[in-house]
K.L.:
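Dropping the structure in here first, questions after.
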2 protein chains.
Amino acid sequence: MGLAKTEMFTDKQNEISLFAKVFGHPARVAILQHLFKISSCACGDLVSEIGLAQPTISQHLKELKHLGLIKGNVEGTSVCYCIHKENWIAMKTVMTEFLNQDVSENQDCC
Amino acid sequence: MGLAKTEMFTDKQNEISLFAKVFGHPARVAILQHLFKISSCACGDLVSEIGLAQPTISQHLKELKHLGLIKGNVEGTSVCYCIHKENWIAMKTVMTEFLNQDVSENQDCC
DNA sequence: TTTATTCATTGCAATATTACGATTAATATA
DNA sequence: TATATTAATCGTAATATTGCAATGAATAAA
């Protein structure tokens with residue numbers, strides 16, 4: 001039914017999957033990398049940089065903003081975006097804990 | 001059109017997004033956490049553990065296997081799954097590099 | 001005030017994902 | 001051999017995602 005049964009999972013599992021999902025598209029990865037590289041950036045610059053249409057970029061920015069990973073600031077007719085540092089660090093803590101699960105103690109089955 | 005334009009992005013960006021995408025569903029997060037916890041596990045045990053139907057779990061396992069994050073070993077009529085350690089560590093390197101982009105030098109725009 | 005610029009929103013088409021019943025394939029056991 | 005067990009695959013319905021043209025909203029500049 002195309003719909004994840006989130007009620008079957010822990011809050012942490014759902015949180016991890018939500019963060020991961022937003023990184024699950026190369027355009028959003030590229031947007032974030034560009035924001036890290038140049039600190040802050042207007043939407044229009046991202047459109048030229050990434051190469052997708054303006055409404056598409058705007059939609060990806062909306063998802064990143066909705067998760068709190070970026071901030072947007074209106075400056076005249078343009079909107080300046082940047083990384084939301086505190087939230088990025090908080091996200092990193094959650095994801096790193098997941099990625100760092102200890103693999104050394106485990107015995108292979110195969 | 002529901003299809004990511006991967007040709008517009010770098011190999012690294014596509015790689016990051018593919019790894020992230022597979023973590024973008026709580027069932028796959030739960031499967032991986034369970035495999036870390038108990039080292040190795042039959043498909044049927046994961047079905048009881050997670051609570052989704054057997055074909056659904058089988059499908060999620062297929063995706064994890066396709067990305068190389070788990071291994072499956074046939075043991076009689078059951079199949080034993082475990083984390084693919086080397087590939088997990090390699091994935092972790094890629095994802096950690098992405099997550100650890102330096103945020104401290106950046107100036108906020110807002 | 002008019003026009004230009006920039007970005008968000010809407011609406012839609014194409015494709016992908018999620019979930020599961022039914023079935024199949026493979027092996028173990030009686 | 002016949003039956004049971006386990007897991008993969010197939011087929012399909014429901015929903016989500018991606019991408020963009022068209023449009024709208026807001027501000028700046030002429």
Side-chain angles (χ1 to χ4, degrees), chain A residues 1-9 13-14 17-31 35 40-67 70-82 109-110, chain B residues 1-9 13-14 17-31 35 40-67 70-82 109-110:
Chain A
M1 301 158 183
L3 181 58
K5 296 189 159 180
T6 54
E7 74 281 2
M8 311 181 75
F9 305 100
Q13 286 163 346
N14 284 314
S17 70
L18 284 178
F19 282 135
K21 200 181 213 173
V22 89
F23 299 141
H25 193 291
R28 291 188 291 264
V29 171
I31 287 170
L35 289 180
S40 69
C41 189
C43 173
D45 296 335
L46 286 165
V47 172
S48 336
E49 176 71 20
I50 310 289
L52 292 171
Q54 181 268 322
T56 307
I57 295 295
S58 197
Q59 190 172 276
H60 286 306
L61 287 168
K62 189 180 179 182
E63 290 176 63
L64 290 167
K65 197 173 173 186
H66 184 251
L67 251 121
I70 64 173
K71 291 189 277 192
N73 190 36
V74 178
E75 290 185 357
T77 58
S78 79
V79 178
C80 176
Y81 284 98
C82 65
C109 64
C110 30
Chain B
M1 302 159 181
L3 180 58
K5 296 191 160 181
T6 54
E7 75 280 2
M8 310 182 74
F9 305 100
Q13 286 164 345
N14 284 313
S17 70
L18 285 178
F19 282 135
K21 200 182 213 172
V22 89
F23 299 140
H25 193 291
R28 291 189 291 265
V29 170
I31 288 170
L35 289 180
S40 68
C41 189
C43 173
D45 295 336
L46 286 165
V47 172
S48 338
E49 176 70 20
I50 311 288
L52 292 171
Q54 180 267 322
T56 307
I57 295 295
S58 199
Q59 190 172 274
H60 285 307
L61 287 168
K62 189 180 177 182
E63 291 175 63
L64 289 168
K65 198 174 173 185
H66 183 253
L67 252 118
I70 63 173
K71 292 189 277 191
N73 189 36
V74 178
E75 289 184 359
T77 59
S78 79
V79 177
C80 177
Y81 284 98
C82 65
C109 64
C110 29

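The basis for the numbers below is simple: all heavy atoms, side chains too, and nothing from hydrogens, waters or symmetry mates. Naming: A, B, ... by sequence-line order, numbering from 1 per chain.
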K.L.:
Which nucleotide wins on minimum distance to the side chain of T77(A), given the candidates dA21(D), dA28(D), dA7(D)?
P.N.:
dA28(D)
K.L.:
For a side-chain contact (heavy atoms from CB on, under 4.5 Å) check, start with the C-alpha distance between T56(B) and H60(B), then their side-chain angles and the critical distance, and finish with the verdict.
P.N.:
CA-CA 6 Å; T56(B) 307; H60(B) 285 307; 3.9 Å; yes
K.L.:
Select from G76(B) and D45(A) the residue whose nearest nucleotide in DNA chain C is closer to the 5' end of that strand.
P.N.:
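Residue closer to the 5' terminus by nearest nucleotide: D45(A).
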K.L.:
If you only use heavy atoms from C-beta on, which nucleotide in dC7(C), dA22(C), dA22(D) is closest to the side chain of P55(B)?
P.N.:
dA22(C)
K.L.:
Given R28(A), which of L64(A), I57(A), L67(A), I50(A) fulfils the side chain to side chain contact (heavy atoms under 4.5 Å, CB included) condition?
P.N.:
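For R28(A), the side chain to side chain contact (heavy atoms under 4.5 Å, CB included) test succeeds with only one of L64(A), I57(A), L67(A), I50(A), which is L64(A).
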K.L.:
Which dot-bracket notation, 5' to 3', represents the base pairing of DNA chain D when pairs are defined as Watson-Crick or G-U with both distances under 3.5 Å, crossing pairs as [ ], and inter-strand pairs as |?
P.N.:
||||||||||||||||||||||||||||||
K.L.:
Going by modelled atom types, is there a donor-acceptor pair between the base of dA8(D) and the side chain of Q54(B) at under 3.5 Å?
P.N.:
yes
K.L.:
Between dA8(D), dC20(D), dA26(D), which one does the side chain of Y81(B) approach most closely?
P.N.:
dA8(D)
K.L.:
Are the side chain of S48(B) and the backbone N or O of G44(B) linked by a donor-acceptor pair below 3.5 Å?
P.N.:
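Such a contact is found between S48(B) side chain and G44(B) backbone.
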K.L.:
Keeping N14(A) on the side-chain end and T6(A) on the backbone end, is there a donor-acceptor pair under 3.5 Å?
P.N.:
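Yes; at least one donor-acceptor contact below 3.5 Å.
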K.L.:
For L52(B) and dA8(D), what is the distance between atoms CG and P respectively, to the nearest whole Å?
P.N.:
15 Å
K.L.:
Measure from CD1 on I57(B) to P on dG21(C) and round the result to the nearest Å.
P.N.:
13 Å
K.L.:
Tell me what A27(B) touches on the nucleic acid: a base, only sugar-phosphate, or nothing, going by heavy atoms under 4.0 Å.
P.N.:
nothing
K.L.:
Taking CZ from F23(A) and P from dT18(D), how many angstroms apart are they, rounded to a whole number?
P.N.:
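Atom-to-atom, F23(A) to dT18(D), this comes out as 14 Å.
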K.L.:
Tell me whether the OP1 or OP2 atom of dA8(D) has a side-chain N or O from S58(B) closer than 4.0 Å.
P.N.:
yes
K.L.:
Measure from NE2 on H25(B) to P on dT18(C) and round the result to the nearest Å.
P.N.:
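In whole Å, dT18(C) P and H25(B) NE2 are 5 Å from each other.
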K.L.:
Answer yes or no: does a side-chain N or O of H60(A) lie under 4.0 Å from OP1 or OP2 of dG19(D)?
P.N.:
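Indeed, a polar side-chain atom of H60(A) lies that close.
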K.L.:
Could you measure the distance from the NZ atom of K21(A) to the CZ atom of F23(B)? Nearest 0.5 Å is fine.
P.N.:
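Interatomic distance, K21(A) NZ to F23(B) CZ, rounded to 0.5 Å: 15.5 Å.
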K.L.:
For S78(B) and for V74(A), find the nucleotide of DNA chain D with the closest heavy atom, then tell me which residue's nucleotide is more 5'.
P.N.:
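Per heavy-atom nearest nucleotide, the more 5' residue is S78(B).
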K.L.:
Less than 4.0 angstrom between a side-chain N/O of T56(B) and OP1 or OP2 of dT18(C), yes or no?
P.N.:
no
K.L.:
Would you please confirm or rule out a distance under 4.0 Å between OP1 or OP2 of dA7(D) and any side-chain N or O of K62(B)?
P.N.:
no
K.L.:
Tell me whether the OP1 or OP2 atom of dA8(C) has a side-chain N or O from K65(A) closer than 4.0 Å.
P.N.:
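No, outside the criterion.
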K.L.:
Check the orientation of F9(A) and H25(B). Use parallel for under 30°, tilted for 30 to 60°, and perpendicular for over 60°.
P.N.:
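Perpendicular: the ring planes of F9(A) and H25(B) meet at over 60°.
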K.L.:
Please report, rounded to the nearest Å, how far the P atom of dA8(C) is from the NE2 atom of H66(A).
P.N.:
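Rounded to the whole Å, the gap is 15 Å.
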K.L.:
Do you know the tightest heavy-atom contact between Q13(B) and V29(A)?
P.N.:
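Closest pair (atom of Q13(B), atom of V29(A), distance): CG-CG1, 4.0 Å.
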K.L.:
Round to a whole Å and report the spacing from CG of L64(B) to C1' of dA7(D).
P.N.:
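Result: 16 Å.
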K.L.:
For Q59(B) and dA22(C), give me the distance from atom CD to atom P, rounded to whole Å.
P.N.:
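Computing the Q59(B):CD to dA22(C):P distance gives 17 Å.
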K.L.:
Quick one: pull up NE2 in H66(A) and CG in L61(A) and give me the separation to the nearest 0.5 Å.
P.N.:
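Reported value, rounded in 0.5 Å steps: 14.5 Å.
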K.L.:
Roughly how many Å is it from CD in E63(A) to P in dT17(D), rounded to a whole number?
P.N.:
7 Å
K.L.:
Counting just side-chain N and O atoms, does K21(A) come under 4.0 Å of either OP1 or OP2 of dA16(D)?
P.N.:
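No, outside the criterion.
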